[in-house]
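Side chains included, hydrogens not; waters and symmetry mates left out as well; all remaining heavy atoms used. All chains are named by letter (A, B, ...) in the order of the sequence lines, taking the proteins before the strands, and each is independently numbered beginning at 1.
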Number of protein chains: 2
Amino acid sequence: MVCVKITLHFQRKGVIETTMPVNNNVKELRRQLQITQLKMAEDLHITRQTIIAIEKNKYNPSLELALKIADYFHVPFGEVFQLTGEDES
Amino acid sequence: MVCVKITLHFQRKGVIETTMPVNNNVKELRRQLQITQLKMAEDLHITRQTIIAIEKNKYNPSLELALKIADYFHVPFGEVFQLTGEDES
DNA sequence: GCAAAATGTAAACATATCTTTACATTTTGG
DNA sequence: CCAAAATGTAAAGATATGTTTACATTTTGC
């Protein structure tokens, strides 16, 4: 037996800027390394849209992607991602 | 105008054990502190199901929850979550 | 100042994360 | 041993994350 769900979704609106509980320094770190969004996306095997969304705080990366990003920049995790209201200790 | 999507979803089967690219030490750290799943869930304002799913590697926590969990245990992020094939340096 | 490169917007689609509810099984302590 | 506590399974619903495609706008370099 195959089980199926049917859902109605209201679409994410590009305009909405939600205040994220997670800060990230992806844009700054990427610029320090003089890397374009396109190159970074290709290196990480994701799309440029995902980089944009993260840099513009449309949404947070998954845990897996976040770990790969910190690795990519060769910095400790806390230097890239922090809960808002926290220092990177 | 309201935009709506209709999707068919194949449901996640509880049985399936996907090999996650992310390791976590939530169960070990929780046990070291002698904390039950229920107390931890309440403290973090999530459900016990979510704790179970993470401990049993059904799925990874979101980045936000992962950061909160590391905070909760008072340990560096890398001591709780690592990419598979990586040490916690 | 112009073309190319880089960055941004939009929207639909696909999948992953998290909740809720309801039981079932295992572990713990008296 | 037995009840209570802790842990586990299951499944459907809701929302967040990530991809794809197609353009629009801004920045860079010559």
Subject >> Value in whole Å for how far the C1' atom of D/dT19 lies from NE2 of A/H45 >> reply: 15 Å
Subject >> Atom pair distance, as rounded to whole Å: OH in A/Y59 and C1' in C/dA16 >> reply: 12 Å
Original post:
Linking I/L/V/M/F/W/Y whenever their side-chain heavy atoms sit closer than 4.5 Å, directly or via other members, would A/L33 and A/I69 fall into one cluster?
Top reply: yes
**OP:** Report the residue from A/R30, A/K27, A/R31 that forms a side-chain hydrogen bond (donor to acceptor under 3.5 Å, both in side chains) with A/E55.
**Re:** A/R30
**OP:** List the atom of A/E79, the atom of A/L29, and the distance in Å for their closest heavy-atom pair.
**Re:** O-CD1, 4.0 Å
Original post:
Does a nitrogen or oxygen in the side chain of B/S62 sit under 4.0 Å from OP1 or OP2 of C/dC18?
Top reply: yes
Original post:
Of the non-hydrogen atoms in A/P61 and A/I54, which two are nearest, and what is the gap between them?
Top reply: CB-CD1, 3.6 Å
Original post:
Starting at CD1 of A/I52 and ending at C1' of C/dT9, how long is that distance when rounded to a whole Å?
Top reply: 8 Å
Subject >> Integer-rounded Å distance: D/dT17 P and B/L65 CG >> reply: 12 Å
Original post:
What is the distance from CD1 of A/I46 to C1' of C/dA14, rounded to the nearest Å?
Top reply: 16 Å
Subject >> N/O (side chain, A/K58) to phosphate O (OP1/OP2, D/dA16) under 4.0 Å >> reply: no
Original post:
For B/I51 and C/dC18, what is the distance between atoms CD1 and P respectively, to the nearest whole Å?
Top reply: 10 Å
Original post:
Could you go step by step and tell me if B/E64 and B/L67 meet the side-chain contact (heavy atoms from CB on, under 4.5 Å) rule?
Top reply: CA-CA 5 Å; B/E64 179 183 352; B/L67 285 164; 5.8 Å; no
Original post:
At their closest point, which heavy atom of B/F73 faces which heavy atom of B/V26, and how far apart are they?
Top reply: CZ-O, 3.8 Å
Subject >> Residues that A/F77 engages under ring pair (Phe, Tyr, Trp, His ring centres under 6.0 Å), provided they are two or more places apart >> reply: A/F81, B/F77
**OP:** State the CG-CD1 distance between B/N57 and B/I52, to the nearest 0.5 angstrom.
**Re:** 13.5 Å
Subject >> Base versus backbone protein contacts along nucleotides 20-30 of chain D [heavy-atom cut-off under 4.0 Å; B, S, -] >> reply: BBB--------
Original post:
Which atoms form the tightest heavy-atom contact between A/I51 and A/A41, and what is the distance?
Top reply: CG1-CB, 4.0 Å
**OP:** Rounded to the nearest angstrom, tell me the gap between atom CG in B/L63 and atom P in D/dA16.
**Re:** 15 Å
Original post:
Just how far, in rounded Å, is P of C/dA16 from CD1 of B/I54?
Top reply: 16 Å
**OP:** Can you sort out which residues in residues 26-41 of chain B have a heavy atom within less than 4.0 Å of DNA chain D? Ascending by number, please.
**Re:** B/K27, B/R30, B/T36, B/Q37
